[in-house]
Amino acid sequence: MSAQSTDIATYNFAYLDEQTKRMIRRAILKGIAIPGYQVPFASREMPMPYGWGTGGVQVTASIIGPDDVLKVIDQGADDTTNAVSIRAFFKKVAKVEVTTDTARATIIQTRHRIPEHSLTAGQVLVFQVPIPEPLRFLEPRETETRKMHALEEYGLMHVKLYEDIAKHGRIATTYAYPVKVEGRYVMDPSPTPKFDNPKMHRSPALQLFGAGREKRIYAVPPFTDVVSLDFEDHPFEVQTFDQPCALCGAENVYLDEVILDDHGGHMFVCSDTDHCEKRRGDPTTPLWGGRAEGAGDLATTPATPTPALRADPPHKGEGKEAE
Amino acid sequence: MTDEPLLRVSALSKFYGSRVGCENISFDLWPGEMLAVVGESGSGKTTLLNCLSTRLLPSSGTASYRMRDGQWRELYRMSEAERRFLMRTDWGFVHQNPADGLRMTVSAGANVGERLMAVGDRHYGRIRATAVDWLSRVEIDEDRIDDEPRAFSGGMRQRLQIARNLVTGPRLVFMDEPTGGLDVSVQARLLDLLRGLVTDLGLAAIVVTHDLAVARLLSQRMMVMKDGRVVESGLTDRVLDDPRAPYTQLLVSSILQV
C-alpha cells in the first residue's frame, strides 16, 4: 500500500464495519423482542455531531441493503440541511437509491415527524432520538430509572402530566409525549409532536429508535399497541389547527408556521413537504427557494439562502401549537 | 383491635465489615403504637431504622410484617418489587431532611399526589381534591398547592413530607429525626400535628430521635441504644422517670434545663 495509490479512502458498505452493524442489529432485535425497552449499545463516533442524528444514522446503516430506497426527513421536510446531508451520506457510502416519496421508500429516517402518508407493512421508520429516557427530567439517576422500568413503577410519569394540568389547566406537553408500549414499557416517542402519537399505534411499519449520544436503541414492532398516557378526566388529545395548509389546503395534518416577512406576515403550511407537493400535484415546483430536485445532493445543490423560511430549530422547545 | 403485633423483629444485626451497625435487636410493634428509638449519634439508631424499612439489608436476623390481608411476610425474603410497593402504600418514611423525601422540583400538590398516581389513580380531579385535603390537614394553605417545596420554609417542607407519606393511609411510618433542624416553636407545632394525625389514623410509627423530649411527647414505648445495642427498653414514662441502665441515667441527666 503506497501513498501514491490511486484508491482514495474507501468505506465499508454503509460506512460502519460489519462487526459494528452486527452489534447494532443484535440490539435492534432485542429491542423488537421487548417493545419499548431501551437496549444499550456501543454507539460509534459518526462523521457528524451528536444531536444531528448519530443514533438514527447508525440504525439505518445497520439495516440498509443495496436494494433499499431511503427517504430522510427532518421535521417532516425532505429539504432541510440535516435531511439532505444524511441522504447524501447514504447515497455516497451505500450507493442506495434515495427518494422523497414516502410510499416508495423502504427505510425512512426521521427527525421528529411521522409522514402524513400512511405507512405500509415492510417499511421501516428510523427515529433520531436525543434523550431516550422519558423519566429523565423527573429522576436524574440512571440506576433508579432503570429500576423503575424494571418494576413498572410509572407513577412519576403521571406526576409530570399532573404538573402540566396544575400549571396550564390542560396537559401542555406537545412533543415527546410519553406512551405506553404493549401495556408494559413507558417510552419516549422522541420529540415528535403528540399529533403523531396515534400513528404509532398498531402501525404496520417497523419503528426503530436510535439515540447515539445516550447509546440506546429501542423499537416498536409492527401492529403493537402504543397508548399515550393521560388522566381519566383529562384524556389525551392531539393538536388541532384552525386553518388548512396555506399551500395545498390539507386539513388534519400537522402544520408549520412559516414567517414570510418582517412585518408579522406568516402562513401555516404542511410540515410534511412530500405530502404537500403530492397534493398540489406538481412535484417539480420548488416549494421555496433552493429546492431543485427531490434527492438533493449536498455537494451539487447550490446553497441558496432561504432566510427565515426553514430555520432548523434545535430539538428543545419545539412543538408548535395553533390554538 | 387486634392483639397481634404489626411488626416482629428478632435478633436483627447489621455489620459494616467488622464494625457493628446494630446488634441483636428484637422487639414487637403493635398497631397504633409509637416506638421511640433514642441514643447518641453513632449508636446505630438510623442503621436499625434503615434495616427495618428495608432500605438496608441486615447481616442477620429477621423481621416479619403483618400485611393488610393478615398474612405474615418476612421482609427480607420479599422481592424488591414487593418491598417497594409496600414502601409506597402501606408504609411511610419521613426523612430528617425534607429534601430527601420530597421532589423539590414539582409542586406541593404533585408531591402529595405522587403516591396516589403510583398506585394507579388516574383521575386528576380526585387526586387534586385529596391533595387539597391533605395540605389542609398539615396546615398548609390551599393556595400553596402549586408552589414548589423549594419555596417553602423548613417547617412547611417537613409537614408536606408528612402529608406525602400519609396520603395512601399507611399503617406503619418510619421517622428519622422528624423535628431535627427546626426551631422550637415550629418543632412544637409539628409534634402537635404529628400526635394528632397518628392518633386519628391509628398509625404505628417508629421514631428515631436523639431528643428525649420528642420521644416523651410522641411515643408510648422507647428503646435506648448505645454502641449498636439496646441498653434499656420499656414504657417511655418509666424509662425517662426511672432510668435503670447507667447510660440511660446519663442521657436523662444530660438534658439541659431552661
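In what follows, every chain begins at residue 1, and chains take the letters A, B, ... in the order their sequences are listed.
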- Query: In this structure, are over 12 heavy atoms from other groups packed under 6.0 Å from Asp143(B) atom CG?
  - Reply: yes
- Lys147(A) versus Glu80(B): any side-chain heavy-atom pair under 4.5 Å? yes
- Task: Measure the OH-CD1 distance between Tyr124(B) and Ile165(A) for me, rounded to the nearest 0.5 Å.
- Result: 6.0 Å
- Message: Within the structure provided, determine whether His158(A) and Glu114(B) are in side-chain contact (heavy-atom separation under 4.5 Å).
- Response: no
- Message: I'd like to verify something: which residue of Arg103(B), Arg115(B), Arg126(B) has the highest number of heavy-atom pairs under 4.5 Å with chain A?
- Response: Arg103(B)
- Message: A quick test of your reading: do over 12 heavy atoms of other residues, nucleotides or ligands sit less than 6.0 Å from CZ of Arg55(B)?
- Response: yes
- Query: Quick check: are there more than 12 heavy atoms from other residues, nucleotides or ligands sitting under 6.0 Å from CZ of Arg68(B)?
  - Reply: yes
- Query: With a cut-off of 6.0 Å (strictly less than), are more than 12 heavy atoms of other residues, nucleotides or ligands near CD of Glu142(B)?
  - Reply: no
- Query: Side-chain contact, heavy-atom cut-off 4.5 Å: Phe137(A) with Thr105(B)?
  - Reply: no
- Message: Is there a side-chain contact between Met117(B) and Val159(A) in this structure, where contact means two heavy atoms from C-beta onward sitting under 4.5 Å apart?
- Response: yes
- Query: So do the side chains of Phe231(A) and His123(B) get within less than 4.5 Å of each other, counting heavy atoms only?
  - Reply: no
- Item | Under 4.5 Å from a heavy atom of chain A, the part of Ile145(B) involved | side chain
- Query: Does anything in residues 131-141 of chain B get under 4.5 Å of chain A by heavy atoms, and if so which residues?
  - Reply: none
- Item | Approximate separation, where rounding is to 0.5 Å, of Glu82(B) CD and Leu151(A) CG | 11.0 Å
- Note on the structure: dist Tyr162(A):OH -> Asp146(B):CG (nearest 0.5 Å) comes out at 6.0 Å
- So salt bridge (charged side-chain N to carboxylate O under 4.0 Å, His left out) across residues 153-169 of chain A, not counting sequence neighbours, yields Glu153(A)-Arg84(B), Glu153(A)-Arg88(B), Glu163(A)-Lys167(A)
- Message: For Tyr76(B), is the OH atom crowded, meaning more than 12 foreign heavy atoms sit under 6.0 Å from it?
- Response: yes
